[in-house]
Structure formats: C-alpha cells, structure tokens
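Encoded as structure tokens, the structure appears first; notes follow it.
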Amino acid sequence: MDTFSSDQSNLVFALTTVHTEGDGQHNFTLRIYSLDDASQMYIEEAIFRIAEQCQVIRIPFTPMQLFHTRININGESNTCLLLCGNDGGVHLYLRNKSTNKWEEEHVRSYFPFLASLSESSILSLEIREIGDLKIVAAGCQNGRLHVSIMKFDTSVGDFVPMDEPACVVLFSPITSISVFSSSSSKVSPGDIHMLVTCAVERAIIYCNVDKLVLNRPVYLKECSQYDSVLCSNIMDVDWDGNNEILVGTYGRELLVYKQDIDHHNI
C-alpha cells in the first residue's frame, strides 16, 4: 500500500489486493482511493469519505511493491504510481486530468532504466531526490541490485543520467532499499548513503552512493542473527539532527543503528 497527496487530489490511498476464487485461482487488483477536498476535513472524516471514491484496476500479475514518485511531463510535475510485478516489469499509472481516472502508461517513456530490467522480478524500488540529484535503485528477486544516478539538467528541465547504471549481485533476494542523507536537515542533508537489506545476509550501507556508487559497502553487524531481514526505515529517532537506521527482522526484532560521527562508523 501507499499514500500521498497529488496536484489533483489532497489525499490518495492505493493498495493491491488478492481475491481467491472457489477453484483456487487468484485475482489481483490495484485499488486507488482519491479525495479532492480533504484539506478542510479532520483525518477521521477524510478516511471515511475516501472509501466512497475508489477505482479498481485488474492486474494480470502478482504485485510486489507499490511506490509513488514525481515525474516531469511537458514541464509540469506530476505524481505517478509504480507497481512492480512478478512478470519482471514495472507498471506506471498516471491520473488522466480529463477523466480523473488512473491509466497505465509505458514506463519506458519516463524511466528507461527501469524498463530495461526484466531478467528478474523487482522486489524493492527506491527513487529519491536530494538536491539536484535523483537516485533510482531496484533490488531484484535474483539478488541483483541496480542503481542509476541522475543530475538535474537546466537546459532540458529534467534529470539526466550521470554515468552508466551500476549493478552488483548479492547473495539473496533484496527485501528493502532506502536512500538517505546522514543529516535530517533539508537545508544541509550531508552525505548520501543507501541501505540495502537482503533475506539471507547482513544489511549493507553503500556509503557516499552519489559519488562512489556501489564501491564502498559497509556491513551492519548483528542484523543477520535474528532471522531474515524483512524491512528497514530511516528516521531521526533521538532528535539529534542525524538519521538513524531501523531494521526489522522475521524474528520480531527491531534493530536501531546510529552513526558514530567522530569516527564515521555505524
């Protein structure tokens, strides 16, 4: 599931569902709830009202991850939905301003890098803009990690790739990816890193990913001692202005990692 606000709606809530028929066949759907006038409502009323405005899109594949990001269309910023599936593709959905309906578009028109990744299903997708950089990372079921780093080009008004995409093969399926800055400040974010977690090995931080890409991995200690790592998050837990790393495991453990600023260690 995913939730966000867009130019057309104050509140958008999207999720994928599965319904099993009597013969055992699984039917998957993408359900998108949109509410255009939520700004004057309490959150409880908005949640109740949004359930009345639902668009159901049937999908002929098993959904893996649902993600939203902003794209440039004819000089205008628009929010799109990206849905990774077990068919090896990334499906992009945009809201038609004329009909107010979400429609699938070709992902190659906006993310040619993602369209080229079809050798394995993408389990984890991360697209993050920090300053004039955009980092796109995709983690696959076969353990491949793909990264493309782009920079905003004022002459074309959009992000363009800086170099060829990078790739590394890890030992197991990639369960989560988080691109983050060392500082929680939006004015001075500091160094940019990327956290990658896998099902059967320690989590990895690729330090200074904007400059070194995948050439400086740091492995997090102890996180593989509590069964498979399923998820991760980045936030300033202790409100000291620096981001911490949260890792959740199948063994019901929540691990928090903090950077040693003086020694640049985790």
Path from Ile130 to Leu195 over hydrophobic side-chain contacts below 4.5 Å = no
inquiry  = So that I know where these two stand, are Phe180 and His193 an aromatic pair - ring centroids less than 6.0 Å apart?
reply    = yes
inquiry  = Using only atom types and a distance under 3.5 Å, with no angle test, would you say the side chain of Ser148 pairs donor to acceptor with the backbone of Phe113?
reply    = no
query = When rounded to the nearest 0.5 angstrom, what is the spacing between CG in Asn242 and OG in Ser184?
reply = 6.5 Å
message = Holding to side-chain contact (heavy atoms from CB on, under 4.5 Å), I want the full list of residues that pass it with Ser224, two or more places apart in sequence or in another chain.
response = Arg202
query = Sub-3.5 Å donor-acceptor pair from the side chain of Asp236 to the main-chain atoms of Gly241, do we have one?
reply = yes
request  = Enter the distance from Thr79:OG1 to Ile71:CD1 here, rounded to the nearest 0.5 Å.
outcome  = 8.5 Å
query = For the atom pair CE (Met194) and CG (Leu145), what is the distance rounded to the nearest 0.5 Å?
reply = 4.5 Å
task = To the nearest 0.5 angstrom, please state how far the CG atom of Leu92 sits from the NE2 atom of His68.
result = 13.0 Å
inquiry  = Looking at Leu230, is its backbone amide N or carbonyl O close enough to the side chain of Ser228 to form a donor-acceptor pair, meaning the two atoms are under 3.5 Å apart?
reply    = no
task = Measure from the side-chain N and O atoms of Thr249 to the backbone N and O of Val229, and report whether any donor-acceptor pair falls under 3.5 Å.
result = no
query = Is the closest basic N to carboxylate O distance between Lys211 and Asp191 below 4.0 Å?
reply = no
ask   = Nearest 0.5 Å, what's the CG-CG distance between Leu125 and Leu114?
value = 6.0 Å
remark   = Residues pairing under ring-ring contact (aromatic ring centres under 6.0 Å, His included) where one sits in residues 80-107, two or more places apart or in two chains, turn out to be Phe61-His91
inquiry  = Just verifying a value: how many Å separate Ile174 CD1 and Ile122 CD1, rounded to the nearest 0.5 Å?
reply    = 10.0 Å
query = Does Arg252 pair with Asp227 as a salt bridge, N-O distance under 4.0 Å?
reply = no
query = Under 3.5 Å, side chain of Glu201 to main-chain N/O of Phe171, donor-acceptor pair present?
reply = yes
ask   = With the threshold set at 4.0 Å, does a side-chain nitrogen-carboxylate oxygen contact exist between Glu76 and Arg70?
value = no
